[in-house]
Amino acid sequence: MTNAQTKLVELHFAWSPPSGQVQATYRAEMLAYQAVGDRYVCRLVELLVVERTGSSAEVSDETLRGLIGKCVRAPAEALDGIVLPLKLATLTGGLARPYFFNAE
């Protein structure tokens with residue numbers, strides 16, 4: 001992993017629980033670039049926007065705010081503003097390798 005020039009970017013994530021859809025936009029600090037996988041390690045620093053369709057009660061605002069301070073490995077195309085569709089397990093910790101993690 002090589003150091004990337006520190007800068008702020010916006011990352012967009014979406015989850016589709018059974019009761020609707022949630023899209024969240026975060027301001028994130030780029031920490032490093034990983035050539036393998038062409039991705040950036042970013043730390044979420046601010047929750048900017050939450051958009052909901054349906055009740056989407058499975059994903060609370062508190063859960064989304066709880067991601068602030070966590071790191072994520074974002075694909076390079078995420079820096080172009082695309083919305084990254086994620087599984088609910090990224091929020092519940094049901095993955096063998098967490099999507100959102102604490103800085104090492």
Side-chain angles (χ1 to χ4, degrees):
M1 190 178 343
T2 60
N3 288 333
Q5 185 179 28
T6 301
K7 73 175 197 175
L8 296 177
V9 296
E10 288 186 6
L11 296 177
H12 310 276
F13 304 105
W15 296 269
S16 296
S19 62
Q21 185 177 33
V22 179
Q23 184 172 320
T25 300
Y26 291 87
R27 180 167 289 123
E29 177 185 18
M30 288 176 39
L31 301 177
Y33 175 71
Q34 295 178 327
V36 175
D38 189 25
R39 56 191 180 175
Y40 290 86
V41 177
C42 299
R43 179 183 298 118
L44 305 179
V45 295
E46 182 181 3
L47 178 60
L48 299 174
V49 177
V50 176
E51 297 176 8
R52 298 176 180 276
T53 57
S55 73
S56 58
E58 298 89 342
V59 180
S60 70
D61 287 350
E62 181 179 342
T63 297
L64 296 174
R65 282 190 302 273
L67 296 178
I68 295 170
K70 298 283 187 181
C71 292
V72 61
R73 290 177 183 87
E77 59 267 19
L79 303 182
D80 295 330
I82 69 163
V83 178
L84 299 172
L86 301 177
K87 296 179 179 182
L88 280 178
T90 60
L91 295 175
T92 61
L95 301 174
R97 182 176 178 177
Y99 193 78
F100 299 100
F101 58 94
N102 292 318
E104 300 167 353

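- Under the 4.5 Å side-chain heavy-atom criterion for grouping Ile, Leu, Val, Met, Phe, Trp and Tyr, Leu91 is not connected to Val83 through any hydrophobic cluster.
- Counting heavy atoms from C-beta outward, Leu86 and Phe100 have side chains that approach closer than 4.5 Å.
- Two residues are said to be in side-chain contact when any heavy atoms from C-beta on lie closer than 4.5 Å; Leu11 and Leu44 meet this criterion.
- Rounded to the nearest 0.5 angstrom, Leu47 CG and Asp61 CG are separated by 7.5 Å.
- By the criterion of side-chain heavy atoms lying less than 4.5 angstrom apart, applied directly or through intervening Ile, Leu, Val, Met, Phe, Trp or Tyr residues, Ile82 is grouped together with Tyr40 in one hydrophobic cluster.
- Contact of the Val22 side chain with the Glu51 side chain is not registered, since no non-hydrogen atoms from C-beta on lie closer than 4.5 Å.
- Between the SG atom in Cys42 and the CE atom in Met30 there is a gap of 6.0 Å [rounded to 0.5 Å].
- Between Ala103 and Arg43, the closest heavy-atom pair is CB-NH2, 3.8 Å.
- No side-chain heavy atom of Trp15 sits under 4.5 Å from any side-chain heavy atom of Thr63.
- Separation of atoms CG (Asp80) and NE2 (His12) is listed at 10.0 Å; rounding is to 0.5 Å.
- Contacts of Ser16 classified as side-chain hydrogen bond (donor to acceptor under 3.5 Å, both in side chains), with partners at least two apart in sequence or in another chain: none.
- Note that the CD atom of Gln21 and the OG1 atom of Thr53 stand 5.0 Å from one another [nearest 0.5 Å].
- Scored by the side-chain hydrogen bond (donor to acceptor under 3.5 Å, both in side chains) test, Glu58 finds Ser19 as partners (sequence neighbours excluded).
- Tyr33 approaches Arg39 most closely through the heavy-atom pair CD1-O, 3.4 Å.
- Side-chain contact between Tyr26 and Val72: absent, with no pair of heavy atoms (C-beta onward) separated by less than 4.5 Å.
- The hydrophobic cluster around Val45 extends to Leu8, counting ILVMFWY residues whose side-chain heavy atoms fall within less than 4.5 Å of a member.
- Within the 4.5 Å cutoff, the side chain of Arg65 has no heavy atoms near those of the Val50 side chain.
- Leu48 and Ile68 end up in different hydrophobic clusters when Ile, Leu, Val, Met, Phe, Trp and Tyr side chains are linked at under 4.5 Å.
- Here Glu46 contributes atom CD and Glu29 contributes atom CD; the two are 13.0 Å apart, rounded to the nearest 0.5 Å.
- Using a 4.5 Å cut-off between side-chain heavy atoms of Ile, Leu, Val, Met, Phe, Trp and Tyr, with links allowed through other members, Leu84 and Leu95 fall into the same hydrophobic cluster.
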